[in-house]
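Heavy-atom basis, side chains included; hydrogens, waters and symmetry copies ignored. Whatever order the structure lists ligands and atoms in, that order sets their numbers, starting from 1.
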Amino acid sequence: MSSVSPGKAAELITTADAHTAHTYHPLPVVVASAEGAWMTDVEGRRYLDMLAGYSALNFGHGHPRLIAAAKAQLERLTLTSRAFHHDRFAAFCTELAELCGMESVLPMNTGAEAVETAVKTARKWGYKVKGVPDGQAKIIVAANNFHGRTTTIISFSTDQEARADYGPYTPGFEIVPYGDLAALEAALDKHGDHTVAVLLEPIQGEAGVLVPPPGYLPGVRELTRSRQVLFIADEIQSGLGRTGKTFACEHEGVVPDIYVLGKALGGGVVPVSAIVSSNEILGIYRPGEHGSTFGGNPLACAVALEVIAMLRSGEFQQRATELGDHLHRELGLLVGTGAVEELRGRGLWAGVDIAPAHGTGREISERLMAKGVLVKDTHGSTIRIAPPLVISKEDLDWALTQLREVLAE
Ligand SMILES: *Cc1c(COP(=O)(O)O)cnc(C)c1O
């Protein structure tokens, strides 16, 4: 019913469609402004944002602290390139490392660039420190991963849509089932001393918010530590408050060798990503061996510094825990009624498999949109719920009411 928007929105969608590559299939809403958890479209209709830019908007739209930090920096200094030092860089690196309990930061812009940086770091570390023969490094990854869109990253994707027609693919990756320690151990055995890293999402977001079985992440930590293999945790979507902790790894008491961060690090204002690790590991780099024109720029650092300060208060993690418990309790009731087949997630993050009789994930998303709630489907019958952590309990409850009504239709 809502797949065709009347008036201005429809016109803008048609024009955009005529002049862009169709790499996305957005819901037919055209957003013009937003504040907190609410967005307003070009025709003045309001929608509750229950996706939060895949966690890029953990702090909501236009958070006053983030906007103020960005504005102040905009007026002073926006870009130097890394050819020169700038006065926000030291604080950014120091404070981000401290937030992570680590020592050193290598800044990039997008998530995919940070994952690429982690891959390059692991390989270089393998050759320089571990003594892997040149060109032989292996990185073990999980099936159904999502780590971004570059040629190397899609080379180790198991999603045919993401991967097909982009070959030849980058070699050097081995894919094992997610959550299966025996399979990981077998892969480590198979490649012997050539394995340099295991790269995982501590919770698989794009796959449908898959939480691994208890003990999996500690098991990965143990296996990697005992074999001198780096554990790289891609916390681009799971990190920075979403699950109720600063990092999803914390729920299992695990500290990886490298955190990969992005999305919420830029506060929904600018793209900011980074890998964060030890001095020993990041100490492998020499000038000229890696870089990015925009990585660690003054504007990015200013916004990220405010994000870090906000996370240090613990307020957002606490909201994610409390509102997340409430969300999962309420969604759990829908499992009881049979409308939801499976519910997964942690904190303010849920993957909800809708019983197929109620429609596809896309259909549910469109019906929710008609009621003023924006979610995103993934893999057929799954919808993903991940509102900004600033959402009020009343608004969350209102969204849940809309979902119950859609499922009762
Ligand atoms: C979004 C995402 C990425 C890629 O980030 P981009 O900024 O879109 O390049 C990588 N890993 C995970 C887990 C993500 O969710």
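Screening residues 277-298 for salt bridge (Lys or Arg N to Asp or Glu O under 4.0 Å) gives Lys124-Glu289 as the qualifying pairs, with residues at least two apart or on separate chains. The salt bridge (Lys or Arg N to Asp or Glu O under 4.0 Å) analysis of residues 50-79, with sequence neighbours excluded, yields the pairs Arg65-Glu306, Arg76-Asp87.
Counting non-hydrogen atoms of other residues, nucleotides and ligands closer than 6.0 Å to OH of Tyr169 gives a total above 12. Atom OH of Tyr47 has more than 12 neighbouring heavy atoms from other residues, nucleotides or ligands inside a 6.0 Å radius.
For the pair Arg225 and Phe231, the cation-pi criterion (under 6.0 Å, within 45° of the ring axis) is not fulfilled.
Applying the salt bridge (Lys or Arg N to Asp or Glu O under 4.0 Å) criterion to Arg221, with sequence neighbours excluded, gives Asp257.
Residues with a heavy atom under 4.0 Å from ligand 1: Thr110, Gly111, Ala112, Phe146, His147, Gly148, Glu201, Asp234, Ile236, Gln237, Lys263.
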